[in-house]
**Q** 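Please read through the structure below; I'll follow up with questions.
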Amino acid sequence: MSEPLVVGFETSCDETGVGVVRGRTLLADALATSVAEHERFGGVVPEIASRAHLEAMVPTVHRALAEAGVAASDVDAVAVTAGPGLTGALLVGLAAAKAYALALDVPLYGVNHLAAHVAVDELQHGRLAEPSLALLVSGGHSSLLLVPDLSREVTSLGRTVDDAAGEAFDKVARVLGLPFPGGPPIDRAAREGDPSAIAFPRGLTGPRDAPYDFSFSGLKTAVARWVEARQRAGEPVPVADVAASFQEAVADVLTAKAVRACRDHGVDHLVLGGGVAANSRLRALAEERCAAAGIVLRVPRPGLCTDNGAMVAALGSRLAEAGVEPSAPDLGADSSLPIDVVTP
Amino acid sequence: MLVLALDTATPTLVAGVARRSADGDVEVLAERAVPSGNRHAELLVPAVREALAAAGVALADVGAVVAGLGPGPFTGLRVGVVTAAALADARGVPAVGVCSLDAVGTGERTVVTDARRKEVYWAAYDAAGARTGGPGVVRPEELAAAGPLVGDPRFADRLGAPVAPAEVTTAGLLRAAGPQLDDPSSAGPLVPLYLRRPDAVPPTSFKPVTTS
Ligand SMILES: [Zn+2]
């Protein structure tokens, strides 16, 4: 019997994603985004994102099926992000996925968005080693996860206590007059800068701090104060140096804590995920520190790190393969779905 | 032709199955009206299953899907609209959208439903049932109603007149969809009647969504 064909729906934030996988083979990853509509607000506006999801939903399904070269009637299972995320946005994907599952008479798997960020790496690098550690960093999350069994057991070791890492990138970009979202422009600007030019603070790295939690609010404020002091003094702001030094502080804390968590838990595989995992300095520093610590690092290509439908299909495929019970017909969305619920 | 009708514009979701003859006669075979609060996404698919089962038909037998496009609270409204769009797409049948207020009551009337924020959604109809005003959103005190008021009776005091209770029905949705069902090529895209611009106030901080 051939492996199951799974379609995944992702609408937890501002990306409308529909992915198609067969087993662990990626067949299509169609994406529509409302990011440009949020730009002038400096953050994702939930109602604008929800309206855009509804408009994009059916066309994105069509693109995904066409790209995969399959018909709707070939689909064996449907998976959808049930949380965490923006409620109104989640509900558009959830309702669509439930309707396709009903109309195609196939099982439906509601999945945890964070676990899906881990699962997507299986499409590129094959079966995940278990246990693995996962570091997920984006505009919406900053989490360190222990993954003994991706289809049934994922636990949280630590998370941000204030801003998400990606959020800090957005705010620092704004301070530096760079566009939204802030990740890519800061990465570009930092290439010309000196990462040791300014010693920005590393949050929650004291001996008595929670070893796996993150804090980026103090860093963000420190960058803003530093830039404002320069501006008040009438001096030019060295954008490249600020970007490089800020990015270095983020990458340093994230990788140090991830490597420490691996060591403390005796885990020798680390997976990166989330939009910030596309950051070149984070990838390079993780590479360097994992190599030194004897940890195998797995980083999906940037297009798979950001939110997409393929990650949801990947986890759905994993759940189907493991014989996990599909979700009930009254499945709902949960904006704060706990990470230990892989499939609600 | 068998038609599946869905509406989530009000707190009571409606899922109905009707048989529509070539000359436009409608026989409602089954209807589920489920008080849903803000749980439309959880309860709609089960209600559709129940309505199909009660009508003794399969989804594969359905030849068109009718969706109420609101106006209504946005989040719940989108659940019904995207469900209708996806069901129709997956089955390869037309999806037809109608103003949900058209499906409340009959004849000359002004329909009012809860728009939250102390306002009502409204539309007015003449004796032949044709819409003559609205759909709009207004403070009840400022609504110049024509004909008897029907819809959400909780607004009677602020409207200064009695409101005959009435809700969206399958028969009403089919009636409103008649012209489009006769000529599906005339059906427009399924775009909700939002009537309000999005509250484009960004979250002061896009907080991490994880809690554990
Ligand atoms: Zn994400």
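Numbers restart at 1 for each chain; the letters A, B, ... are given by sequence-line order, proteins then strands. Treat the numbers as computed from the prediction; the structure is a model and nothing was measured.
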**Q** Can you tell which part of A:L102 gets under 4.5 Å to a heavy atom of chain B, answering side chain, backbone, both or neither?
**A**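 Both parts, heavy atoms under 4.5 Å.
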**Q** Where do A:K98 and B:A41 come nearest, in terms of heavy atoms and distance?
**A** NZ-O, 2.8 Å
**Q** How close do A:A96 and B:A86 get, heavy atom to heavy atom, and via which atoms?
**A**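 That would be O-CB, 3.8 Å.
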**Q** Which value, rounded to the nearest 0.5 Å, describes the distance between B:L44 atom CG and A:D330 atom CG?
**A**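 So the gap between those two atoms works out to 12.5 Å.
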**Q** Report the residue from B:V82, B:L77, B:V79 that forms a side-chain contact (heavy atoms from CB on, under 4.5 Å) with A:L54.
**A**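 Of the listed residues B:V82, B:L77, B:V79, the side-chain contact (heavy atoms from CB on, under 4.5 Å) partner of A:L54 is B:V82.
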**Q** Tell me whether A:D74 at atom CG has more than 12 heavy atoms from other residues, nucleotides or ligands lying less than 6.0 Å away.
**A** yes
**Q** Take atom CZ of B:R19 as the centre, draw a 6.0 Å sphere, and report whether it contains more than 12 heavy atoms from other residues, nucleotides or ligands.
**A** no
**Q** If I measure from the heavy atoms of chain A, does B:L59 come under 4.5 Å with its side chain, its backbone, both, or neither?
**A**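 For B:L59, the contact with chain A is made by the side chain alone.
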**Q** How close do B:L87 and A:A103 get, counting heavy atoms only, and between which atoms?
**A** CD2-CB, 3.9 Å
**Q** I need the residue from B:A60, B:G80, B:A88, B:A90 with the largest number of non-hydrogen atom pairs under 4.5 Å to chain A.
**A** B:A90
**Q** Given that the side chain runs from C-beta out, which part of B:V48 has a heavy atom under 4.5 Å from chain A: side chain, backbone, both or neither?
**A**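 Just its side chain gets close to chain A.
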**Q** What heavy-atom pair brings B:R78 and A:R51 nearest, and what distance separates the two atoms?
**A**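 Minimum heavy-atom separation between B:R78 and A:R51: NH1-CG, 3.5 Å.
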**Q** Within a reach of under 6.0 Å around CG of A:D105, are more than 12 heavy atoms found that belong to other residues, nucleotides or ligands?
**A**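 At most 12 heavy atoms, drawn from other residues, nucleotides or ligands, come within 6.0 Å of this atom.
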**Q** Does B:R131 have more than 12 heavy atoms from other residues, nucleotides or ligands lying within 6.0 Å of its CZ?
**A**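 Enclosed.
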**Q** State, yes or no, whether a side-chain contact exists between B:D89 and A:H62 at a heavy-atom distance under 4.5 Å.
**A**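 Result yes, sub-4.5 Å side-chain heavy-atom pair found.
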**Q** With rounding to the nearest 0.5 Å, note down the distance linking CD in B:E42 to CG in A:L91.
**A**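 Nearest 0.5 Å value for the CD-CG distance: 7.5 Å.
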**Q** Considering residues, nucleotides and ligands other than A:E47, do more than 12 of their heavy atoms fall under 6.0 Å from its CD?
**A** yes
